[in-house]
Participant: 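Please read through the structure below; I'll follow up with questions.
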Amino acid sequence: MTSTSAARPGPAAADEALSRPAASLPHRAVSRTIGRLQSAYQRDVPGAVAAVARLRREAGRDGYASPTAWGLDHLETLAELREEQRATESEEPGGTGPAPSYFVSSAHMRYREQEQREDTAVHIAVTLWALHQQSLREEPMHRAQWSLGRSVRRLAHGRTGARDHEESYGGLSAAPAAERVEEASETVRQRFVRIGGASDTEVLATRLREMVLLLRSARIPLDYALLADQLLLWQDENRRDEVRRAWGRDFHRRHGLRGTAHAHHGLDESGAGAVPAETDLEAVDLDS
């Protein structure tokens, strides 16, 4: 007889579902864009290296308002996905496609507002990934299941890379004891609090960029497709608290001593490489 309890997700699984909204257009655009670039960048393919450099220079700029961003892959990918979605909607029984939004003023405004939010979410997420991946060829900095709260907690406890190695702890075959949240670096925690307290998208992007620079120094990955989903929700003031709760919940959750993201998308999960034991957490002004 099959146990019915095995089919039910536990509290942790339910919380994770809340932290990971259903795949949106930004989620798919970011996954597709980084999926094309990340492996090629790690293999030092010239086209990918050039594309990542261009993306990195666009961090902090508006995707369409900045002429230098025109022609970047992530914007085209999002446009392609929109066209695919429109075609699917128009082919559905009773579907009329996007036409009404061009003839009804209020619907048109809502449609355009949603497009703007999607553009912003994708642009911030992909340019932050390009900044995060800069000069790192050994490991991918976009990894599924590495939410912002999870990555920041690992940083706050002085960890590096995506997992711990048993042999690095006094030569004993035992992983390190789980740290309590009270033991986290106060400087990192304050930076995380500042992200949660951002008042607008520009401020949020700036504070995320500061955190990403610290994550890059420690070679700790981040799930940028999930971040894009959350950035999309964050721009709706009525749903902003949902995103804050997900970030805070993931920061307080223990995600396992060795990391749980093993070989996502066929990527190697091996060690973090040589990273200074002490990261300069004061390199970026907290008041910026």
Participant: For Ala228, check side chain to side chain contact (heavy atoms under 4.5 Å, CB included) against everything at least two apart and list the hits.
Facilitator: Pro26, Val30, Ala125

Participant: Could you give me the CA-CA distance, side-chain angles and deciding distance for Thr201 and Ile124, then say whether side chain to side chain contact (heavy atoms under 4.5 Å, CB included) is met?
Facilitator: CA-CA 10 Å; Thr201 306; Ile124 291 175; 3.7 Å; yes

Participant: Taking only residues two or more places apart in sequence, or in another chain, which ones meet Phe192 in a ring-ring contact (aromatic ring centres under 6.0 Å, His included)?
Facilitator: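 By the ring-ring contact (aromatic ring centres under 6.0 Å, His included) rule, Phe192 matches Phe251.
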
Participant: Kindly indicate whether the side chain of Trp129, heavy atoms from C-beta on, has any atom under 4.5 Å from the side chain of Leu37.
Facilitator: yes

Participant: Go through the structure and list residues passing salt bridge (Lys or Arg N to Asp or Glu O under 4.0 Å) with Glu84, not counting sequence neighbours.
Facilitator: Arg32

Participant: For the CH2 atom of Trp146 and the CG atom of Leu226, what is their distance to the nearest 0.5 Å?
Facilitator: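 Separation between the atoms: 13.5 Å.
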
Participant: Within a reach of under 6.0 Å around CD of Glu186, are more than 12 heavy atoms found that belong to other residues, nucleotides or ligands?
Facilitator: yes

Participant: To the closest 0.5 Å, what do you measure between CD (Gln114) and CG (Asp236)?
Facilitator: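 Going from the CD atom of Gln114 to the CG atom of Asp236 covers 8.5 Å.
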
Participant: Does Arg216 form a side chain to side chain contact (heavy atoms under 4.5 Å, CB included) with Gln134? I'd like the steps, not just the answer.
Facilitator: CA-CA 8 Å; Arg216 184 179 71 187; Gln134 182 182 10; 2.5 Å; yes

Participant: Can you name the residues that form a salt bridge (Lys or Arg N to Asp or Glu O under 4.0 Å) with Glu202, not counting sequence neighbours?
Facilitator: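 Once residues adjacent in sequence are excluded, Glu202 has no partner under the salt bridge (Lys or Arg N to Asp or Glu O under 4.0 Å) criterion.
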
Participant: Taking side chain as C-beta onward, heavy atoms only, is Val152 less than 4.5 Å from Ile220?
Facilitator: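 No, side chains not in contact.
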
Participant: Side chains of Gln42 and Glu138: does their closest heavy-atom pair fall under 4.5 Å?
Facilitator: no

Participant: List in chain and number order the residues that pass side chain to side chain contact (heavy atoms under 4.5 Å, CB included) with Ala53, two or more places apart in sequence or in another chain; answer none if no residue qualifies.
Facilitator: Arg56, Arg57

Participant: Would you say the side chains of Ser147 and Asp223 form a donor-acceptor pair under 3.5 Å?
Facilitator: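 On atom types as modelled, these side chains do not qualify, holding no pair under 3.5 Å.
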
Participant: Got a sec, which pairs hit salt bridge (charged side-chain N to carboxylate O under 4.0 Å, His left out) with one end in residues 39-49, sequence neighbours left out?
Facilitator: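 Every pair satisfying salt bridge (charged side-chain N to carboxylate O under 4.0 Å, His left out) with a residue in residues 39-49: Asp44-Arg137.
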
Participant: Who are the salt bridge (Lys or Arg N to Asp or Glu O under 4.0 Å) partners of Arg82, not counting sequence neighbours?
Facilitator: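 Per chain and number, Arg82 pairs via salt bridge (Lys or Arg N to Asp or Glu O under 4.0 Å) with Glu115, Glu118, Asp119.
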
Participant: Please name all residues satisfying side chain to side chain donor-acceptor pair (under 3.5 Å) with Arg117, sequence neighbours left out, ordered by chain then number.
Facilitator: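 Arg117 satisfies side chain to side chain donor-acceptor pair (under 3.5 Å) with Glu113 once adjacent residues are dropped.
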
Participant: With sequence neighbours left out, write down each residue that passes side chain to side chain contact (heavy atoms under 4.5 Å, CB included) with Ala198, or none if nothing qualifies.
Facilitator: Val203, Leu204, Arg207, Trp234

Participant: Which residues satisfy the side chain to side chain contact (heavy atoms under 4.5 Å, CB included) test with Val193, sequence neighbours excluded?
Facilitator: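 Only Arg189 meet the side chain to side chain contact (heavy atoms under 4.5 Å, CB included) criterion with Val193.
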
Participant: Ring-plane angle category for Tyr224 and His132, please: parallel below 30°, perpendicular beyond 60°, tilted otherwise.
Facilitator: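 Answer is perpendicular, since the angle exceeds 60°.
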
Participant: Would you tell me whether Arg36 and Thr77 have side-chain atoms, one donor and one acceptor, within less than 3.5 Å of each other?
Facilitator: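 Thr77 and Arg36 do have a side-chain donor-acceptor pair below 3.5 Å.
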
Participant: side-chain hydrogen bond (donor to acceptor under 3.5 Å, both in side chains), that's the test. Do Thr127 and Arg61 meet it? Break it down for me.
Facilitator: CA-CA 9 Å; Thr127 55; Arg61 301 176 183 174; over 6 Å; no

Participant: Give the minimum heavy-atom separation between His157 and Ala184, together with the two atoms involved.
Facilitator: CE1-N, 3.6 Å

Participant: Please name all residues satisfying side chain to side chain donor-acceptor pair (under 3.5 Å) with Arg239, sequence neighbours left out, ordered by chain then number.
Facilitator: Glu242

Participant: With heavy-atom distances below 4.5 Å as the criterion, would you say the side chains of Leu155 and Leu215 are in contact?
Facilitator: yes

Participant: Starting at CE of Met141, measure out to CG of Leu136 and round the result to the nearest 0.5 Å.
Facilitator: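 If we round to the nearest 0.5 Å, Met141:CE and Leu136:CG are 5.5 Å apart.
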
Participant: Are Arg209 and Met211 side-chain neighbours, meaning at least one heavy-atom pair lies under 4.5 Å?
Facilitator: no

Participant: Given side chains that start at C-beta, do those of Leu231 and Leu208 come closer than 4.5 Å, heavy atoms only?
Facilitator: yes

Participant: Taking salt bridge (Lys or Arg N to Asp or Glu O under 4.0 Å) as the definition, give me every residue that meets it alongside Arg244, ordered by chain and number, with sequence neighbours left out.
Facilitator: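 Residues passing salt bridge (Lys or Arg N to Asp or Glu O under 4.0 Å) with Arg244: Asp241.
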
Participant: For the side chain of Ser151 and the backbone of Pro221, is there at least one donor-acceptor N/O pair under 3.5 Å apart?
Facilitator: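 Indeed, once roles are kept as given, a pair shorter than 3.5 Å links the two residues.
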
